[in-house]
Every structure is written in C-alpha cells, then in structure tokens.
Protein chains: 2
Amino acid sequence: MVTMKDVADRAEVSIATVSFVVNGTKRVTEATRERVEAAMRELGFARNPIGAALARGRTRILAMLFPALERPLSLTASAFFTSASRRARHRGYDLVMWPIGNDAEQIAVLARSGLVDGVLLMEVQLEDPRVAALVEHKVEFAMIGRTADPSALPYVDIDMSSSVEAAYAQLIAEGHEDIAFLASASPAYDHALVWRAMRAYREVTERHGHPTTLIACDEMPGDGRRIGERFAADYPDTTAVIILNEHAAPGLVAGLTHAGLDVPADVSLVSLGSSAYMAEMTEPQLTYMRTPGTELGELGLDALVDRLEDTQGPLPQVLLPCELVPGGTVAAAGPRRTPRRA
Amino acid sequence: MVTMKDVADRAEVSIATVSFVVNGTKRVTEATRERVEAAMRELGFARNPIGAALARGRTRILAMLFPALERPLSLTASAFFTSASRRARHRGYDLVMWPIGNDAEQIAVLARSGLVDGVLLMEVQLEDPRVAALVEHKVEFAMIGRTADPSALPYVDIDMSSSVEAAYAQLIAEGHEDIAFLASASPAYDHALVWRAMRAYREVTERHGHPTTLIACDEMPGDGRRIGERFAADYPDTTAVIILNEHAAPGLVAGLTHAGLDVPADVSLVSLGSSAYMAEMTEPQLTYMRTPGTELGELGLDALVDRLEDTQGPLPQVLLPCELVPGGTVAAAGPRRTPRRA
DNA sequence: CTGAAAGCGCTTACAG
DNA sequence: CTGAAAGCGCTTACAG
C-alpha cells in the first residue's frame with residue numbers, strides 16, 4: 001500500500017501538503033501541486049479512507065437500510081438502490097446496502113460503530129422503531145417513505161393520495177362502481193405507504209358513494225393467486241381491483257384466470273406502484289401506475305447528503321406521484337359472466 | 001462517543017487491558033475482566049471499528065459484488081445476499097452489497113481503498129475482468145459461480161450439467177423429443193452459468209439424437225413474451241422448453257397464452273434455477289428446478305472467510321444441483337393443436 | 001504557501 | 001497478568 005508519506009517523500013514535500021492537494025482543502029502553488037500529482041501518479045497512490053475516516057470522524061459511507069432479511073427485494077426497490085448509489089458516487093460518497101432487520105437494536109449497533117455517516121431508510125412504517133433509534137443515536141438519515149408524523153423529518157415519498165385518486169378515476173371513467181383495493185399486509189409491518197393508500201381509497205369511495213372493499217394479501221405471488229381463485233365467490237359484485245402489492249399482482253391474474261374469470265372483461269385491474277418488469281409478466285399486460293423509483297432514489301440520496309453537509313438548510317420533503325402506464329387490464333364495466341370453469 | 005480510554009479510566013486499567021478483554025486476545029484475571037466489563041456496560045461502550053481497522057489493517061467488512069447497476073436483481077439473487085449476510089454476522093463480519101459495475105477499474109478503486117477485507121463475486125463470467133482485477137490487486141475473494149478455468153480459485157456454484165440433465169430427463173420421460181433451450185442472453189455479459197448449461201444441453205440432445213434448439217432471450221419478461229407470441233411460427237415442432245432465464249419465464253407463459261397456445265398441452269416448460277416466487281406468478285404454476293440460493297450463499301460466505309482466516313487450508317470448491325419442484329407446466333408430448341387465436 | 005506536530009481510536013510487540 | 005508506547009494513515013489547527 002502506498003501512503004501519503006511515500007508520496008510526500010517522492011515529491012519532497014510534507015504529508016500535510018499532499019493532503020491539501022488530495023482534498024483541495026488549501027491553496028497550493030501550481031508547481032508543488034504538479035510535483036505532488038506526478039508523485040501520486042507514479043506511485044499509484046489512493047488515499048486510505050480508513051485513515052481519513054479516523055482523522056475526520058466521517059467515513060463517507062452511507063447505508064441503505066432495507067429489511068432484506070425479512071422480505072423480498074422487488075425490482076422496484078432495487079431501482080431505488082441503483083439510482084441512489086449512482087447519485088451517491090456523484091456526490092463523493094459510497095452507498096451500500098446494509099442488511100438489517102426491522103429492529104432498533106441493530107440500528108444502535110450500526111450507530112455506535114460509526115461505520116456510516118448516514119442512512120437512507122426504506123419501507124418506512126407509521127411508527128417506525130428504526131426512526132426512533134436513529135434519532136436517539138443521532139444518526140443522520142433521510143426516509144424514502146414517511147412515518148405518521150414526518151413534519152420534522154427529511155423524506156421523499158410517493159404521493160399516494162393523488163395516485164390512488166388517479167387509479168380510481170381511471171376505473172370510474174370506465175363505469176366501474178364496486179372497485180376493491182388489494183393491499184399488501186404483513187403482520188409485522190405497518191407500512192405507512194399502504195396505510196396512506198387505504199385512507200385515500202376510503203375517502204374516494206365515500207365521496208363517490210361507492211362500496212369500500214378492502215382485501216389483504218401477503219407480499220407473495222402465491223397469496224395473490226389464492227385470492228384470485230376465490231374471487232368470484234368472495235367478491236361477486238366487484239368488477240375492478242386497485243392493487244398495491246406488486247409481488248402479488250401477477251399471481252392475482254393467474255388465480256383469476258385459473259378460476260375462469262377473464263381479465264379485463266370480468267375484472268379490471270390497476271397495479272399501483274409497480275414497474276414495466278412486473279407488468280409484462282401477465283397476460284394481458286398489467287395497466288399500472290409507475291413508481292418513480294429512479295427519481296425518488298436520487299432525491300432521497302440528495303436529501304440525506306444535504307442534511308449531512310448543511311444541517312441548517314431547509315428540510316427536504318418531497319412527494320412524487322405515480323404515473324399511469326396503460327396496459328391491457330382495464331376495460332369498461334359490464335355484467336360479470338359466469339366463470340368458464342372453476 | 002465513548003472510547004477505550006474512557007473505559008480504561010473508569011476501570012482503572014490500561015487501554016491495552018481493555019483491548020484484551022474486548023477481543024479476548026490475551027489472558028486477563030477474572031477480577032479485572034469483570035471490572036472492565038462493568039465499566040463497558042455502564043458507559044455503553046462499543047468498539048470503534050474504524051480505529052480497529054486502521055490498527056489491524058482489516059475492516060471485517062465484506063462486499064458482495066453484484067452488477068446491480070446494470071441488471072435486475074432477482075429474488076433468487078437476493079436470497080444469496082440474505083443468507084450470506086446472515087452467515088457473515090455469525091462469523092463476525094459485516095457483508096454489504098456494494099453496487100459496482102462489471103468493471104475492473106471500479107474493483108481497483110475498491111481494492112486500493114482498503115475498505116473491505118474480501119469480496120463475494122456474483123454473476124461470474126467465463127473470462128471475468130473482475131476476477132483478473134481482484135487477483136491483480138490481491139483482494140481475497142470467493143465466487144458464487146465460476147470462470148472458464150476455476151481450478152485454482154475458491155468457488156461455490158450450481159451443478160448445471162446435472163441440473164440440465166435432470167430437466168431434460170423429466171421431459172424425455174413425458175415423450176418429448178424436440179426440446180428447446182431458452183437462455184438469457186445479454187450482449188455485455190458472458191455468463192458462465194449459461195454457457196455451461198448450454199454445453200450440457202448440447203451434449204444431452206446429441207446423446208439422445210434429438211434436435212438442438214437454442215433460443216436467446218433478454219433478462220426481461222417482455223422479451224419472453226415476444227418469444228412466446230411468435231413461438232408457434234418460429235418453432236413449429238418444439239413441444240417443450242427448458243428455460244434458464246427466470247426473469248423471462250412468466251413473460252414466456254404470457255406470450256404463449258396470448259398466442260393461443262396451451263401450457264402445458266401444447267408446450268411444456270421447465271424453469272431452471274428459479275424459486276417459488278417466480279413459479280407462482282404464472283397460470284399454470286411453473287414446474288421449476290430450485291436454485292439452492294440459501295445454501296450457496298452460506299457456503300460462499302464460508303469459502304471467503306475460510307480463505308481470509310486460513311490461507312493454507314484446502315481450496316473451497318463446491319457444486320450443488322438444483323432440485324426439481326413439480327408444477328403444472330409439464331405434460332405428455334402430444335401433437336400441437338392449432339392455436340385458438342393469433 | 002508550507003511544515004511540524006498532535007490527534008483520531010484502536011492493536012500489539014515488548015517489558016516487566 | 002498488566003502497562004507504556006509505538007504505530008496504523010490520515011487531517012487540521014497552529015506557526016512561520
């Protein structure tokens with residue numbers, strides 16, 4: 001390993017000077033800088049971030065916390081990671097995915113370790129024990145998502161109210177009235193996004209005076225399938241479903257099809273918060289509302305780094321709506337035909 | 001932040017002694033140890049890994065390298081990460097996912113940084129520039145997968161030959177003869193697993209004197225769909241497909257169905273190297289051969305840590321086969337019916 | 001503009 | 001069994 005000492009010796013300067021040119025922290029004459037840069041090049045120097053971290057008290061490592069040990073990582077979720085990490089590199093940080101449970105204690109360990117300068121929190125819950133732990137341990141963070149009361153916290157999130165409204169409006173326009181809402185339900189997780197979506201759904205059904213039909217579904221294709229297979233019996237009057245559970249959406253289509261229902265003639269579907277990847281799996285292709293994952297990943301990273309670098313700045317709080325992408329699963333409401341088999 | 005100095009002061013010992021009890025590196029009298037442990041508890045001490053890393057020259061951080069910036073992260077892939085990181089914690093390391101391209105230069109940067117002690121490499125290619133870079137920069141690593149000649153390298157991998165043979169045998173037993181092989185094809189990536197699978201496929205078809213039909217497909221559902229829709233025209237005599245592209249498998253079923261072909265009556269399918277998650281998305285459910293992701297993640301992590309801790313030990317080299325999970329996409333070969341629509 | 005020196009929090013021969 | 005001290009590679013007031 002070649003150190004600053006080696007570079008300093010070769011360039012015949014002090015290691016302080018080397019540090020100044022490496023970091024650009026102080027003015028250095030053109031001549032010396034060139035000498036130092038030549039030495040670095042010749043020796044193949046790369047600053048040891050461990051030494052720098054110890055001296056500075058900052059590592060320039062950021063962690064994305066996704067409870068990957070407890071639930072599947074969707075392609076949509078990995079889009080957040082991809083775009084956020086690219087953005088991180090752009091701003092001089094490394095963003096890594098830190099596998100951690102939905103667990104305050106593990107946060108405490110991470111915080112005390114001092115290994116990361118900040119945290120990007122995903123899959124935020126209404127009352128998130130991780131948020132409490134991060135605040136308690138004074139770890140800088142930003143959320144992709146938001147808690148029940150996020151007014152004092154930095155976040156970027158999906159504007160779920162408007163997205164639900166848009167999905168509902170789309171179905172209303174096709175003459176649907178009994179429009180169900182299928183949400184992901186995990187007992188251990190009180191996902192804030194789902195809660196807000198359900199609230200928006202209730203509001204919009206009440207405003208229209210239409211029935212409110214909530215369906216809970218695990219975040220696995222198999223549970224969507226199960227619901228689809230029993231759909232005709234369990235929801236005889238429902239002609240459309242808004243889905244907020246991208247893992248279950250293809251399974252739901254499979255289950256409906258298996259039970260002899262036709263999508264969209266018998267049941268129209270809109271998948272909320274998904275991506276082309278999931279939409280293309282089904283026949284017909286899902287009509288969906290795209291999660292702005294790339295945008296939110298970038299904005300979330302910026303929110304975090306802004307906090308890190310300027311604690312006085314305005315609190316970053318951003319909401320982005322999902323955007324409708326037409327597919328083949330929405331049709332005009334009509335009388336439910338008798339299932340062909342089942 | 002509470003440091004060893006603080007603990008030492010309170011316990012009235014030297015920081016060396018604190019270090020010895022924290023690490024268990026040297027014998028310490030019961031009495032002193034208890035004093036030190038009490039002090040640690042009272043102060044809420046946690047060893048600063050940055051300081052330790054600088055002193056030791058090791059960080060105890062391991063990186064899983066997945067070219068997540070370039071391709072989707074499947075659920076199967078995330079199972080590797082999940083199980084490997086759990087195992088890492090068990091062995092006293094932190095495994096994080098380091099987003100990095102398929103790029104030797106980025107490996108060099110990571111290596112020179114000294115931030116990680118070792119690397120777990122995924123999505124290994126036949127001639128992998130990352131392997132060359134890791135060797136050149138003397139970074140300890142283990143592969144999940146293997147290069148063209150891995151004889152001198154530590155790895156764990158799927159036993160593709162036997163898995164392909166098993167899938168083929170399954171279809172032969174149902175009377176199929178023209179069995180195609182659909183593999184993921186990405187121009188930038190010469191995925192070793194795919195190459196080995198295709199070689200095994202060629203061998204087995206030749207041995208049986210059956211046709212060899214190779215189909216290339218992008219790792220996206222949409223491309224599977226495209227192939228499915230044109231399947232009747234492009235492969236009129238093919239009655240079964242072995243799929244090695246879990247991203248495309250549901251799309252293929254969707255495309256076949258869309259074109260009026262019945263799965264499995266017209267076309268039988270076996271998805272190689274997949275999981276229940278993907279299998280449950282389609283109607284009927286996919287017959288698949290399960291990737292032993294959990295097992296390979298653990299074994300891969302062990303391989304890496306074994307190298308790290310005992311460079312003299314035997315080179316870890318493990319192959320695990322995929323295991324058949326019956327579904328609804330395999331049926332006896334019969335004459336292709338005329339597509340109902342298309 | 002440049003350098004000598006202290007310090008970041010730990011580990012580890014070396015003495016005793 | 002325990003401690004004083006050097007050292008890991010860097011940053012950053014403080015002098016000059």
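Below, chain A is the first sequence line, B the second, and so on; all start at residue 1. Heavy-atom basis, side chains included; hydrogens, waters and symmetry copies ignored.
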Scan S19(A) against the nucleic acid and name what it touches under 4.0 Å (heavy atoms): base, sugar-phosphate only, or nothing. base
Which residue is it: I107(B), L65(B), L62(B), V131(B)? I am looking for the one with a side chain to side chain contact (heavy atoms under 4.5 Å, CB included) to F141(B). V131(B)
Atom-to-atom span, CE of M4(A) to C1' of dG7(C) - whole angstrom: 16 Å
For a quick test of reading the model: is some side-chain N or O of R47(A) closer than 4.0 Å to OP1 or OP2 of dT11(D)? yes
Toward the 5' end of DNA chain C, which comes first, K26(B) or P49(B), by nearest nucleotide? P49(B)
Nearest-Å distance, CG (D117(A)) to P (dC8(C))? 18 Å
Looking at D302(B) and R87(B), is there a salt bridge between them, counting it only when a charged N and a carboxylate O are closer than 4.0 Å? yes
Check every atom of dT11(D), dC1(C), dT2(D) against the side chain of V28(B) and return the nucleotide holding the closest atom. dT2(D)
Is the closest basic N to carboxylate O distance between R10(A) and D6(A) below 4.0 Å? no
Short side-chain N/O contact to dT2(D) OP1/OP2 from T29(B), under 4.0 Å: yes
So what does K5(B) hit on the nucleic acid, given a heavy-atom distance under 4.0 Å: a base, only sugar-phosphate, or nothing? nothing
In terms of side-chain heavy atoms, does R47(B) have a donor or acceptor partner in N23(B) at a distance below 3.5 Å? yes
How close or far is atom P of dC8(D) from atom CG of L115(B), stated in whole angstroms? 19 Å
Phosphate contact (dT2(D) OP1 or OP2) by T17(B) side-chain N/O below 4.0 Å: no
What's V22(A) touching, base or sugar-phosphate or nothing? Going by heavy atoms closer than 4.0 Å. nothing
Are D306(B) and R91(B) within salt-bridge range, i.e. N to O under 4.0 Å? yes
Assign A16(B) to base, sugar-phosphate, or nothing according to its heavy-atom contacts below 4.0 angstrom with the strands shown. base
Between dC1(D) (P) and R33(B) (CZ): distance, integer Å: 10 Å
How long is the line joining CZ of F20(B) and P of dC10(C), in whole Å? 14 Å
If we ignore angles and hydrogens, is there a donor and acceptor under 3.5 Å between the side chains of R146(B) and Q125(B)? no
Quick check on DNA chain D: between A55(B) and I15(A), whose nearest nucleotide comes earlier from the 5' end? A55(B)
Tell me the interatomic distance from M1(B), atom CE, to dG9(C), atom C1', rounded to whole angstroms. 8 Å
Considering Watson-Crick and G-U wobble pairs with both distances under 3.5 Å, what does dT2(D) pair with? dA15(C)
dC8(C), OP1 or OP2 - any side-chain N/O from T3(B) closer than 4.0 Å? no
So, does S14(A) get its side chain near the phosphate of dG3(C), meaning an N or O under 4.0 Å from OP1 or OP2? yes
N48(B) side chain N/O closer than 4.0 Å to the phosphate oxygens (OP1, OP2) of dC8(C)? no
Length of the line joining M40(A):CE and dC10(D):P, which is rounded to integer Å: 11 Å
CZ of R27(B) versus P of dG3(D): gap in Å, rounded? 17 Å
V13(A) side chain, from C-beta outward: closest of dC10(C), dG3(C), dT11(D): dG3(C)
